[in-house]
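Just so you know, ligand 1 is whichever comes first in the structure, and atom 1 is the first atom listed for that ligand. The analysis underlying the following values was restricted to heavy atoms, covering all of them including side chains, and did not include hydrogens, waters or symmetry mates.
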Amino acid sequence: MTRIAMIGLGNMGAPMARNLLKAGFELSVFDLNADAVAQLTAQGASSAASIAELLHAAPDVVLSMLPAAAHVERVYVGAEGVLAHLTRPTLLIDSSTIDPQTARRVAEQATQQGHAMVDAPVSGGTAGAAAGTLTFMVGAADADTFARVQPMLEAVGKNIVHCGGVGTGQVAKVANNLLLAISMIGLSEAMTLGVALGMDAKVLAQVINMSSGRCWSSEVYHPYPDVMDNVPASRGYQGGFASQLMLKDLGLAHQSAKHVGQPLLLGGLAEQLYQQFVLNGHGQLDFSAIIQAYQASH
Ligand code: NAD
């Protein structure tokens with residue numbers, strides 16, 4: 001059985017690790033947070049106190065789920081990082097959401113040392129991680145490398161897509177979340193205008209969903225309170241995908257667009273709206289709460 005060494009057991013990494021254990025993989029884990037490690041060892045993983053210790057047993061695969069690019073750089077290419085401690089060619093999978101430039105730079109260093117590295121960011125949130133229904137967007141150098149990561153990702157996800165070469169998983173993630181932010185803001189603007197002009201919110205939502213304005217936010221994740229059951233808008237915008245994480249992803253879009261000299265007009269505005277929302281103390285609210293930017297505060 002494939003032996004996986006996993007780094008990063010936070011909101012996403014911990015449930016992913018549990019699904020790998022359930023699927024029968026031999027799993028060893030490391031996180032700076034000792035409690036997170038203890039929870040996984042109680043469920044059958046073996047633990048390590050450092051990256052050096054984690055890699056001492058020469059695993060077949062390293063899988064990471066870390067907050068941001070700086071953590072990924074430190075964990076892989078830092079003096080005490082993964083590349084410094086691997087003793088044989090290993091398959092490396094980074095599922096953190098980071099900018100494509102960093103993903104490509106780290107993968108290039110790994111490749112130079114004889115390892116295969118893919119970027120495999122996810123969509124689906126913590127609920128998808130727990131249910132094992134995540135979508136993985138995979139940037140892999142070739143079909144063979146993609147085929148090697150597939151069995152592991154299938155234990156944790158439902159849709160595993162080969163997006164292209166290294167870095168394209170992050171490109172797909174950045175492009176998708178850029179569009180998601182813009183469409184959520186657009187829907188919020190349309191809904192609040194319609195209600196201010198005298199329309200019932202539920203009826204307007206119904207009409208939009210039968211018409212050309214419909215989108216994922218209108219069909220399954222409506223931002224207007226009480227239009228839809230079981231969405232953050234119907235429980236005070238608790239849970240779901242935090243506005244500060246959306247702001248992070250818009251920052252990645254911004255940074256990447258700058259890198260290739262591509263204009264980001266609506267994306268720039270979306271980033272500023274989320275920046276202001278986070279500054280006003282709403283970073284923990286679900287990203288659909290951005291509709292409040294169009295509503296009188298109470
Ligand atoms: P998190 O902050 O809950 O977890 C990150 C974990 O990494 C923490 O347990 C932390 O201790 C650990 N860590 C940080 N630096 C480390 C290091 N040097 N060595 C070992 N461990 C280290 O974050 P999360 O919500 O699990 O998100 C992880 C990634 O997934 C992020 O890039 C995020 O953007 C992305 N993502 C999150 C969601 C979501 O809904 N939470 C959805 C899709 C994608």
Under 4.5 Å between side-chain heavy atoms, counting indirect links through other Ile/Leu/Val/Met/Phe/Trp/Tyr residues: same cluster for Y224 and I185 or not? yes
If we only consider heavy atoms of R74, is any one of them less than 4.0 Å away from an atom in ligand 1? no
Which ILVMFWY residues are connected to L197, directly or by a chain of links, through side-chain heavy atoms under 4.5 Å apart? L193
Pair R88 + D60: basic N to acidic O under 4.0 Å: yes
Is atom 11 (O) of ligand 1 in close reach of the protein, with a heavy atom under 4.0 Å away? yes
Go through ligand 1 atom by atom and flag the ones less than 4.0 Å from a non-hydrogen atom of G125. 40 (O), 42 (C)
Inspect the contact between R74 and E80 and indicate whether a charged nitrogen and a carboxylate oxygen are less than 4.0 angstrom apart. no
Residue part near ligand 1, for I51, under 4.0 Å between non-hydrogen atoms: neither
Which protein non-hydrogen atom lies closest to atom 21 (N) of ligand 1, naming both residue and atom, and how far is it? L32 N, 3.5 Å
More than 12 heavy atoms of other groups within 6.0 Å of Q43 CD: yes
Give the numbers and elements of all ligand 1 atoms closer than 4.0 Å to a heavy atom of V75. 17 (C), 18 (N), 19 (N)
With a 3.5 Å cut-off and no angle check, do the side chains of Q109 and Y76 form a donor-acceptor pair? no
Among protein heavy atoms, which lies nearest atom 30 (O) of ligand 1, and at what distance? M65 CE, 3.2 Å
What residue and atom, counting heavy atoms only, is the protein's closest point to atom 4 (O) of ligand 1, and at what distance? G10 CA, 3.2 Å
Does an N or O anywhere in L66 fall below 3.5 Å from an N or O of ligand 1? yes
Do L187 and P223 make a side-chain contact, defined as non-hydrogen atoms from C-beta onward lying under 4.5 Å apart? yes
Y221-F287 aromatic ring centre distance below 6.0 Å: yes
Given G81, P121, P67, which has its nearest heavy atom closest to atom 32 (O) of ligand 1? P67
Within one Ile-Leu-Val-Met-Phe-Trp-Tyr cluster: V161 and F136, side-chain cutoff 4.5 Å: no
Against heavy atoms of G8, which atoms of ligand 1 measure under 4.0 Å? 7 (O)
Atom indices of ligand 1, in the order listed, that fall short of 4.0 Å to a heavy atom of F30: 19 (N), 20 (C)
Using heavy atoms and a 4.0 Å limit, tell me yes or no: is A68 in contact with ligand 1? no
Could you tell me the residue and atom name of the protein heavy atom closest to atom 35 (C) of ligand 1, and the distance to it rounded to 0.1 Å? T97 OG1, 3.5 Å
Geometry only, no angles: is S95 polar-contacting ligand 1 at N/O separations under 3.5 Å? no
Note: ligand 1 atoms sitting under 4.0 Å from heavy atoms of L245 are 39 (C), 41 (N)
Any N/O pair N11/ligand 1 closer than 3.5 Å: yes
Common cluster, L9/L54, ILVMFWY with side-chain heavy-atom separation under 4.5 Å: no
Return the option from I7, V122, D31 holding the heavy atom at the smallest distance from atom 9 (O) of ligand 1. D31
Could you walk me through whether E271 and H254 pass the side chain to side chain donor-acceptor pair (under 3.5 Å) check? CA-CA 8 Å; E271 186 184 11; H254 179 138; 2.6 Å; yes
If we number the atoms of ligand 1 from 1 as shown, the ones under 4.0 Å from a heavy atom of K248 are 31 (C), 32 (O), 33 (C), 34 (O)
Out of curiosity, does L153 fall in the hydrophobic cluster containing V61 (side-chain heavy atoms, cut-off under 4.5 Å, transitive links)? yes
Give yes or no for whether the N/O distance cutoff of 3.5 Å, strictly under, is met between M12 and ligand 1. yes
